[in-house]
Protein chains: 2
Amino acid sequence: MDVPREPRWLSEEEMTAWLALASVLIRLPAALDGQLQRDAGISHFEYQVLAGLSMSPERTMRMSELAQLADGSLSRLSHVVSRLEKRGWVRRTPDPANGRYTLAVLTDDGWEKVVATAPGHVEAVRTLVLEPLTRTQIRQLSEIGSRIARAVDPDGDCPTTRFRR
Amino acid sequence: MDVPREPRWLSEEEMTAWLALASVLIRLPAALDGQLQRDAGISHFEYQVLAGLSMSPERTMRMSELAQLADGSLSRLSHVVSRLEKRGWVRRTPDPANGRYTLAVLTDDGWEKVVATAPGHVEAVRTLVLEPLTRTQIRQLSEIGSRIARAVDPDGDCPTTRFRR
DNA sequence: CATGCACGCTTGAAGCGTCAAGTGAAGAGG
DNA sequence: CCTCTTCACTTGACGCTTCAAGCGTGCATG
């Protein structure tokens, strides 16, 4: 899987853009994770799981759906749900309709946790991402982001349509 | 550290931009890591370490400098360099000028590794990030990226000036 | 209705990152 | 000089993610 010798190097302009993005790629997730960890004691992935459940009808989802929604492997989700179960925020039930599915259900405590956690997280996103940008840049970011996302994973849902999965 | 009740929610436009970025944040690093793992059997962090050394005079750097350059903790770097040492790509020496510094030196094999790996990585960056964008968008990305990076870490170097550290 | 297969999920082990404690070298203060 | 502190780094333990193997359920096939 090697690449042609004589690699096409990056121009100054390209390099600048790439370094800027690389910096965001490393630091923004760390900052977001940090906020959740400090203020709520959960990881971003755990938040996504809880938030996903909270927005779902019956606050219930199949493990496999939930894994996709939270962008993680089924195995990872299984481990995480085990932990969330121990903390009393999620419950597992076999799907009565089909025994090989497992349903993850958000408990009342879990709902409380989401309600308590979401505003801080949204605020962090606002502070770190949205507020530094102009409205024009926010629109530009949408376009740039979805182009890159499409290049990375052409079959992946484009983020704006993620919910129709 | 809670946030005012009555959270300011995200507008449609903001939500779209955030979802697009979030998608990139999760998938692009995974794709980049995957390429390096498949084609070279190393992680992105290991690549950064090797590449950092290869671009440094004498192919040598202090551990602490290298840690900053590669955006990781000193502890993490120490563990990684241990592994790279075992693979024969890096050597450690105490700094003759000052015994409490440790110098990491890229071996000839390490140099070969970088030379063999870099083109593929650059190509991946080009394919996944640069080619999907217009020249205008590449410039927009620079500005957007550095604004977010600055919001995340105001004291951090802005990426274009990273090298003068 | 029995057998085999595929699917959804779980589990345990291995690897990596983080955190906190520990080591040894430089320099500061008496 | 000797001691005390600081600094750069290393180390080991713990937690989380990944990977591969295993389990049980439902469906298809005979």
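Basis for what follows: all heavy atoms, side chains included, without hydrogens, waters or symmetry-related copies. First the proteins, then the strands, lettered A, B, ... as listed; each starts at 1.
- Between atom OG1 of residue Thr102(B) and atom CG of residue Asp95(B) there is a gap of 8.5 Å, rounded to the nearest 0.5 Å.
- For the 3.5 Å distance criterion, the side chains of Asp33(B) and Gln37(B) fail to qualify, holding no donor opposite an acceptor.
- OP1 and OP2 of dC9(C) both lie 4.0 Å or more from every side-chain N or O belonging to Ser78(A).
- Ionic pairing of Arg27(B) and Asp71(A) is present here: one or more N-O contacts between side-chain nitrogen and carboxylate oxygen are shorter than 4.0 angstrom.
- Rounded to an integer number of Å, the gap from Leu84(B) CG to dC16(C) P is 10 Å.
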Polar atom pairs (N or O), protein with nucleotides 12-15 of chain C, under 3.5 Å:
residue: dG12(C); atom: O6; partner: His79(A); partner atom: NE2; Å: 2.9

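- As rounded to whole Å, 11 Å separates atom P of dT10(D) from atom CG of Leu66(B).
- Taking atom CE on Met63(A) and atom C1' on dT11(C), their separation rounds to 12 Å, with Å as the unit.
- Ring pair His121(B)/Trp18(A) is perpendicular by interplanar angle, where above 60° counts as perpendicular and below 30° as parallel.
- Take the nearest nucleotide of DNA chain D for Gly72(A) and for Ser82(B): the residue whose nucleotide is more 5' is Ser82(B).
- A salt bridge does not link Asp109(A) to Arg87(A): none of the charged nitrogens lies less than 4.0 Å from a carboxylate oxygen.
- Inter-residue side-chain proximity for Leu128(B) and Ile148(A) is flagged as unmet; no heavy-atom pair is nearer than 4.5 Å.
- For the pair His44(B) NE2 and dG17(C) P, the interatomic distance rounds to 12 Å; values are reported in whole Å.
- For the OP1/OP2 pair of dG17(C) and a distance below 4.0 Å, the side-chain nitrogens and oxygens of Ser73(B) include no atom meeting the criterion.
- Salt bridge Glu85(A)/Arg92(A): present, at least one basic N to carboxylate O contact under 4.0 Å.
- The 12-atom threshold is not exceeded at CZ of Arg135(A), counting heavy atoms of other residues, nucleotides or ligands nearer than 6.0 Å.
- In terms of position on DNA chain D, the residue among Ser64(B) and Arg76(A) whose nearest nucleotide sits closer to the 5' end is Ser64(B).
- Note: the hydrophobic cluster containing Leu66(A) does not contain Tyr101(A) (ILVMFWY, side chain heavy atoms under 4.5 Å, direct or indirect links).
- Ionic pairing of Arg147(B) and Glu143(B) is present here: one or more N-O contacts between side-chain nitrogen and carboxylate oxygen are shorter than 4.0 angstrom.
- Rounded to whole Å, atom P of dG17(C) lies 15 Å from atom CG of Asp33(A).
- Here dG26(D) presents its P atom at 13 Å from CZ of Arg62(A), a figure rounded to the nearest Å.
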Review item, nucleotides 1-3 of chain D N/O atoms under 3.5 Å of protein N/O:
none

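- For DNA chain D, the neighbouring residues in residues 85-106 of chain A, judged by any heavy atom under 4.0 Å, are Asn98(A), Gly99(A), Arg100(A).
- Taking atom CG of Leu77(B) as the reference point, atom C1' of dC16(C) lies 14 Å away to the nearest angstrom.
- None of Val122(B), Leu141(B), Leu133(B), Leu130(B) except one satisfies the side-chain contact (heavy atoms from CB on, under 4.5 Å) rule with Glu14(A); the exception is Leu130(B).
- When rounded to the nearest whole Å, the span between CZ of Phe45(A) and C1' of dG17(C) equals 18 Å.
- A donor-acceptor pair shorter than 3.5 Å cannot be found between the side chains of Arg59(B) and Thr107(B).
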